[in-house]
Novice: 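Take a look at the following structure, please.
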Amino acid sequence: MKAAIILAGGKGTRMKSDSPKVMCEVIFEPMISYVVSAVKEAGVEDICVITGYKHEVVENYLEKLDSNIKTALQEPQLGTGHAVMQAREFISGHMEDDILILNGDGPLMDADTVNKAYQYHKDNNNAITLISAVVDDTHGIGHIKRDKNGTLLKIVEDKDATEDEKKIMEANAGVYWFKGEELLYAINNIKNENAQKEYYLTDALEILIKRGRNKGAYVCENSEAVLGANDRIQLMDLNTIMRRNINNAHMLSGVDIPCTDGVMIGKKVKIGNSAQILPNTIIIGETEIGENCVIGPNCYIKDSKIGKGVILDNCKILDSTIEDGVDCGPFVKVRADSVLKKGVHIGNFVEVKNSIVGEGTKSAHLTYIGDSDVGSDVNFGCGTVTCNYDGKNKTRCKIGDGAFIGCNTNLIAPVEVGDKAYIAAGSTITDNIPEEALSIARAKQVNKEGWVRKKKPYKEK
Ligand code: UD1
Ligand code: CA
């Protein structure tokens, strides 16, 4: 069985954030979510996260993510070795197993790398296998020190390194496989004799070498996998890499992104073949986009299901379902569990909230459809408003199939418009309209002949 410990107790002082560092986001998801996903994808069944600074924030998040994840509290936070010491009980339950340890602030570590390192660990019967990579910038990392034959000696933290050691470009990823029993031995022997007076997990390597155990470093080809974020500039770098990785994966699977500028796609998003994603489009959460859609430019889509062949141009779509062949935009907002059924057309400056809009219905301009059940093939004239809120309560409008709503109509909810009813422009509808009726609810026009000539209401030139 494989087990994992994820270190997430640190404050992340350099982020200058109110939340714990592992909750800082990469493509709108906390860094730790990527680490948890990679660990699960690598087939690890039992996970323990070490929490510390603002632990309740991390615990609440993990509870929602997966309630099987265990946590152990580290207070105060005295270093990565000290963090693992808080998981003694967890480790004791896995003495015969292999335990993976990862930094919660390293979201680019992937399951493939973790699994290759595991294979290497097993093949060599190692007590400890660390993951390393040759990087361009070693600022703030642990340098992997080897003897002239390349045999591992120890990990030297940048802050403790001599000038010569600082030149070593092989970096410790902060990801390790341990034999359970050897991990327990190591953490029982870690001391805090270093520049920061911290208990370094990295000292486990030397401790197990002294114990005469096998050790190894799995040097990963993808040096980006080892990157972490300690400040917001590094966080932006991780966003850039993650964004590129996700966009590339979609392009390779047949999504057309002719220009990736401003295109940010969340890790859980699914996009169908031959869909086109245009600049400045953010798609996040549990969103699915069907084949042959054109999404963008300038769309923001969250937790929504978009059917096939949908066109969204400058739209904000939140928690909603957009069925096949719908055409929205520009400047459209659809939110709060709305459903736009097949072939609906929603044009410029229209908002739909908590409403179901039936097949083929059209609302081409300047309209608010809120808390409404709209039938199929309804035509909304320009400037229709469903008046769904009386200052205290929200109530619904029901509009039957084939109804025609004239321009500038107010529908005062609760109200029902029958099938194929016809509302004259400028009406304020307060009473239900039977099917196929014409409703006119506006003052009758009065023309007063010659009134202007007699009154001269304005100054003549
Ligand atoms: C650590 C490694 C370094 C490696 C680097 C890779 C040590 C001593 N150093 O350094 O060799 O190159 O990661 O990114 O391990 N944490 C706790 N409790 C603590 C301190 C930290 O839970 O008391 C957690 C943090 O929340 C973070 C992780 O451990 O998720 C790493 O801590 P951090 O302080 O960022 O370590 P680095 O200095 O980056
Ligand atoms: Ca770090």
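These values consider heavy atoms only, across backbone and side chains, with no hydrogens, waters or symmetry-generated copies. Just so you know, ligand 1 is whichever comes first in the structure, and atom 1 is the first atom listed for that ligand.
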Novice: Can you list the residues that meet the side chain to side chain contact (heavy atoms under 4.5 Å, CB included) rule with Asp137, with sequence neighbours excluded?
Specialist: His139
Novice: Does Arg244 come within less than 4.0 Å of Glu224, counting only side-chain N to carboxylate O?
Specialist: yes
Novice: Check whether any side-chain N or O of Ser274 sits under 3.5 Å from a backbone N or O of Asn292 as a donor-acceptor pair, and report yes or no.
Specialist: no
Novice: Taking N or O atoms only and a 3.5 Å limit, does Gly140 qualify as a polar contact for ligand 1?
Specialist: no
Novice: Return a yes/no value for Ala83: is any of its N or O atoms, backbone included, closer than 3.5 angstrom to an N or O of ligand 1?
Specialist: no
Novice: With respect to Tyr200, determine whether any N or O atom, backbone or side chain, lies less than 3.5 Å from an N or O atom of ligand 1.
Specialist: no
Novice: Is there a polar contact, in the sense of an N or O pair closer than 3.5 Å, between Lys159 and ligand 1?
Specialist: no
Novice: Between Glu29 and Lys267, is the closest basic N to carboxylate O distance under 4.0 Å?
Specialist: no
Novice: Please check if the side chain of Asn124 supplies one atom and the backbone of Tyr120 the other of a donor-acceptor pair under 3.5 Å.
Specialist: yes
Novice: Taking atom 23 (O) of ligand 1 as the reference point, report whether a protein heavy atom occurs under 4.0 Å from it.
Specialist: yes
Novice: Which atoms form the tightest heavy-atom contact between Gly106 and Val35, and what is the distance?
Specialist: O-CG2, 3.7 Å
Novice: Of the protein's non-hydrogen atoms, which lies at the shortest distance from atom 12 (O) of ligand 1, and what is that distance?
Specialist: Asn172 O, 2.6 Å
Novice: Keeping the roles fixed (side chain from Arg396, backbone from Ser372), state whether a donor-acceptor pair exists under 3.5 Å.
Specialist: yes
Novice: Checking the N or O distance criterion of under 3.5 Å, is ligand 1 in contact with Asp105?
Specialist: yes
Novice: Purely on distance, is any nitrogen or oxygen of Ile141 under 3.5 Å from one on ligand 1?
Specialist: no
Novice: Just to verify, what does Asn115 make a side chain to side chain contact (heavy atoms under 4.5 Å, CB included) with, not counting sequence neighbours?
Specialist: Lys2, Ala42
Novice: Any sub-3.5 Å donor-acceptor pair from Ser19's side-chain atoms to Cys24's backbone N or O?
Specialist: no
Novice: Quick one: does Thr80 get an N or O within less than 3.5 Å of an N or O on ligand 1?
Specialist: yes
Novice: Around the Ca ion (ligand 2), how many protein N, O or S atoms are closer than 3.0 Å?
Specialist: 2
Novice: Hey, does Tyr176 come in under 3.5 Å of ligand 1, counting only N/O atoms on both sides?
Specialist: no
Novice: Geometry only, no angles: is Leu201 polar-contacting ligand 1 at N/O separations under 3.5 Å?
Specialist: no
Novice: Might you check, step by step, whether the distance between atom 16 (N) of ligand 1 and some protein heavy atom is under 4.0 Å?
Specialist: yes
Novice: I'd like to know if the side chain of Ser320 reaches the main chain of Leu318, judged simply by a donor and an acceptor atom lying under 3.5 Å from each other, with no hydrogens or angles considered.
Specialist: yes
Novice: So for ligand 1, is Gly79 a polar contact partner (N or O within less than 3.5 Å, distance only)?
Specialist: yes
Novice: Tell me, which pairs form a ring-ring contact (aromatic ring centres under 6.0 Å, His included) where one or both residues lie in residues 312-339, sequence neighbours left out?
Specialist: Phe331-Phe349
